[in-house]
Amino acid sequence: MAKLNFSWDASPTAGVDSYKLYENGEMIVENIGVLNFTLIMDGKPEGTYEYYVTAVDEDRMLESVPSNTVSADFYIPKSPENLAVSWDS
């Protein structure tokens with residue numbers, strides 16, 4: 001199972017209650033109440049993905065500007081080839 005592990009520093013703004021995680025500009029997880037998150041990559045196509053987080057206030061009305069962006073190259077290992085078997089007697 002392929003996983004990406006994210007961590008970040010807490011927003012210094014009072015009243016921040018959760019975070020959102022974005023992948024390639026699209027929000028993929030909201031209401032993250034901790035400063036780290038593990039994303040399971042199973043089922044995703046190979047490629048380079050870009051991520052950032054935003055801070056959300058306790059009323060979920062205001063959202064910060066994005067954090068810095070990080071990128072991850074995701075690939076699926078290729079199967080081994082030319083498997084052979086022989087008998088020894």
Side-chain angles (χ1 to χ4, degrees):
M1 178 181 321
K3 301 177 190 177
L4 291 178
N5 298 305
F6 298 92
S7 64
W8 56 90
D9 294 334
S11 169
T13 306
V16 167
D17 150 278
S18 65
Y19 298 88
K20 292 181 180 180
L21 177 65
Y22 287 79
E23 177 184 82
N24 296 336
E26 300 284 328
M27 197 243 328
I28 59 168
V29 184
E30 61 183 335
N31 299 324
I32 303 171
V34 293
L35 300 177
N36 54 59
F37 187 80
T38 299
L39 180 65
I40 309 260
M41 298 296 286
D42 291 357
K44 289 190 178 288
E46 292 183 327
T48 299
Y49 292 85
E50 293 189 339
Y51 297 93
Y52 61 82
V53 293
T54 59
V56 181
D57 75 326
E58 59 195 352
D59 296 325
R60 292 180 174 61
M61 300 294 291
L62 301 173
E63 185 174 357
S64 72
V65 297
S67 68
N68 60 299
T69 299
V70 295
S71 63
D73 293 325
F74 176 64
Y75 67 93
I76 300 166
K78 304 297 182 223
S79 299
E81 296 179 356
N82 301 316
L83 176 64
V85 65
S86 62
W87 288 95
D88 235 357
S89 49

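Just so it is clear, the structure is predicted and the values come from calculations on it, not from any experiment. Basis for what follows: all heavy atoms, side chains included, without hydrogens, waters or symmetry-related copies.
With sequence neighbours left out, Thr38 forms a side-chain hydrogen bond (donor to acceptor under 3.5 Å, both in side chains) with Asn5. Among residues two or more places apart in sequence or in another chain, the side-chain contact (heavy atoms from CB on, under 4.5 Å) test is passed with Ile40 by Met1, Lys3, Asp42. With sequence neighbours left out, the ring pair (Phe, Tyr, Trp, His ring centres under 6.0 Å) criterion links Phe37 to no other residue. Residues that satisfy the side-chain hydrogen bond (donor to acceptor under 3.5 Å, both in side chains) test with Asn36, not counting sequence neighbours, are absent from this structure. Applying the salt bridge (Lys or Arg N to Asp or Glu O under 4.0 Å) rule to Glu30 yields no partners; only residues at least two apart in sequence or on another chain are considered. Partners of Glu46 according to the side-chain contact (heavy atoms from CB on, under 4.5 Å) rule, which considers only residues two or more places apart in sequence or in another chain, are Tyr75, Ile76, Lys78. In this view, Asp59 satisfies the side-chain hydrogen bond (donor to acceptor under 3.5 Å, both in side chains) rule with no residue, not counting sequence neighbours. In this view, Asp73 and Thr48 satisfy the side-chain contact (heavy atoms from CB on, under 4.5 Å) rule, not counting sequence neighbours. Taking Leu35 as the reference, Trp8, Ala10, Tyr19 meet the side-chain contact (heavy atoms from CB on, under 4.5 Å) condition, with sequence neighbours excluded.
Listed by first and then second residue, the salt bridge (charged side-chain N to carboxylate O under 4.0 Å, His left out) pairs that reach into residues 80-89 come to none, sequence neighbours excluded. Within the structure, the salt bridge (charged side-chain N to carboxylate O under 4.0 Å, His left out) test picks out the following pairs touching residues 7-28 (sequence neighbours left out): Asp17-Arg60, Lys20-Glu63, Glu23-Lys44.
In this structure, Phe74 and Leu4 have side chains that are not in contact, with every pair of non-hydrogen atoms separated by 4.5 Å or more. At a threshold of 4.5 Å between non-hydrogen side-chain atoms, the residues Ile32 and Val34 count as touching.
Shown here for Ser11 and Ala55, the closest heavy-atom pair between the two residues is CB-CB, 3.9 Å.
Across Val53, Val29, Val70, a single residue satisfies side-chain contact (heavy atoms from CB on, under 4.5 Å) together with Phe6, and that is Val70.
In this structure, Asp57 contributes its side chain and Val16 its backbone to no donor-acceptor pair below 3.5 Å.
The line from OG of Ser71 to OH of Tyr51 is 10.0 Å long, rounded to the nearest 0.5 Å.
Cluster note: Tyr52 groups with Tyr22, Met27 through ILVMFWY side-chain heavy atoms spaced under 4.5 Å, whether in direct contact or through intervening members.
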